[in-house]
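Written out below as structure tokens is the structure these notes cover.
Residue numbers run from 1 in the order of the sequence given. Here the structure is a predicted model, which is why all the values come from computation and not from measurement.
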Amino acid sequence: MSKTSQQNSATDANGVSVIHSQAHTSGLQQVPQLVPVSPGGGGKAVPPSKQGKKNSFVDRNSDEYRQRRERNNMAVKKSRLKSKQKAQDTLQRVNQLKEENERLEAKIKLLTKELSVLKDLFLEHAHNLADNVQPVGTETTTANPENNGQ
């Protein structure tokens with residue numbers, strides 16, 4: 001089966017480019033694709049929530065506008081407080097971790113010193129044992145006075 005397709009592009013009044021493609025296949029129907037076109041030739045697509053809205057004049061003295069502004073102002077305050085609280089929590093956590101790190105580093109120093117002392121004691125003891133051990137062929141036998149008469 002061979003496919004051949006052809007695309008035609010047109011721009012409607014809303015600045016949306018509609019691409020019509022024709023494909024010669026067995027019974028498959030092509031759906032037109034909507035591609036937003038900005039005046040500059042490229043850019044971001046307009047979200048669906050903004051597509052239906054027109055830039056109409058907003059009465060800044062209306063109750064609806066005032067309520068929206070009040071809700072927005074409260075949301076902004078809440079967001080900023082939340083952000084500030086998160087920054088404070090992060091700073092507090094950083095300080096806790098720094099203190100814990102200092103404590104652990106001090107413990108490492110102490111344990112390293114202790115290990116060094118114990119290692120020195122062990123090596124000293126090992127050298128003393130090596131000095132006290134005589135070779136196997138040079139052992140002298142001493143007579144036990146209790147065993148002589150029996």
Side-chain angles (χ1 to χ4, degrees), residues 1-140:
M1 235 184 248
S2 68
K3 283 191 204 177
T4 59
S5 66
Q6 185 177 15
Q7 292 185 348
N8 295 329
S9 176
T11 305
D12 68 2
N14 293 330
V16 175
S17 177
V18 180
I19 299 174
H20 299 281
S21 60
Q22 298 172 343
H24 300 291
T25 58
S26 59
L28 295 178
Q29 183 180 7
Q30 292 291 321
V31 178
Q33 299 174 352
L34 298 178
V35 179
V37 175
S38 65
K44 296 182 179 178
V46 179
S49 62
K50 303 270 184 179
Q51 285 179 354
K53 294 183 180 180
K54 296 179 182 176
N55 290 337
S56 62
F57 177 73
V58 177
D59 183 15
R60 293 183 179 228
N61 295 324
S62 70
D63 287 339
E64 179 187 354
Y65 175 79
R66 291 283 173 210
Q67 288 174 350
R68 283 194 332 229
R69 291 303 317 141
E70 185 65 30
R71 281 197 314 265
N72 181 261
N73 290 342
M74 289 170 52
V76 167
K77 285 179 186 177
K78 184 178 177 182
S79 175
R80 288 178 181 157
L81 282 174
K82 186 176 178 182
S83 176
K84 189 182 284 187
Q85 183 63 42
K86 187 175 180 181
Q88 288 176 348
D89 291 346
T90 302
L91 185 62
Q92 184 179 4
R93 179 75 173 135
V94 165
N95 290 333
Q96 287 174 346
L97 290 173
K98 281 182 180 178
E99 289 174 7
E100 183 180 1
N101 193 35
E102 289 172 3
R103 241 184 11 259
L104 290 172
E105 285 178 357
K107 189 172 183 178
I108 287 172
K109 284 182 182 178
L110 178 68
L111 290 172
T112 304
K113 262 186 181 178
E114 186 177 344
L115 176 65
S116 178
V117 168
L118 290 173
K119 195 182 222 182
D120 290 343
L121 284 174
F122 175 77
L123 290 174
E124 184 181 330
H125 182 69
H127 287 304
N128 287 341
L129 284 178
D131 291 342
N132 290 337
V133 173
Q134 296 177 355
V136 176
T138 60
E139 286 185 28
T140 58

Run the side-chain contact (heavy atoms from CB on, under 4.5 Å) check on Arg93 and Gln96 step by step: do they pass?
CA-CA 5 Å; Arg93 179 75 173 135; Gln96 287 174 346; 3.8 Å; yes

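- The closest side-chain heavy-atom distance from Glu100 to Leu97 is below 4.5 Å.
- In the model, Gln85 has a side-chain atom that pairs as donor or acceptor with a side-chain atom of Asp89 under 3.5 Å.
- Taking OG1 from Thr112 and NZ from Lys119, the interatomic distance works out to 10.5 Å, rounded to the nearest 0.5 Å.
- Under the salt bridge (Lys or Arg N to Asp or Glu O under 4.0 Å) criterion, Arg68 pairs with Glu64, not counting sequence neighbours.
- Crowding of Glu114 atom CD: a count of heavy atoms from other residues, nucleotides or ligands under 6.0 Å not exceeding 12.
- Side-chain contact between Asp120 and Ser116 is present, with heavy atoms from C-beta onward closer than 4.5 Å.
- In this structure Ser83 satisfies the side chain to side chain contact (heavy atoms under 4.5 Å, CB included) test with no other residue, sequence neighbours excluded.
- In this structure, Asn73 CG and Arg69 CZ are separated by 5.0 Å, a value rounded to the nearest 0.5 Å.
- Across Arg103, Glu105, Glu99, a single residue satisfies side chain to side chain contact (heavy atoms under 4.5 Å, CB included) together with Asn101, and that is Glu105.
- Taking CG of Asn128 as the reference point, atom CG of Leu123 lies at 11.0 Å (rounded to 0.5 Å).
- In this structure, Glu70 CD and Tyr65 OH are separated by 12.0 Å, a value rounded to the nearest 0.5 Å.
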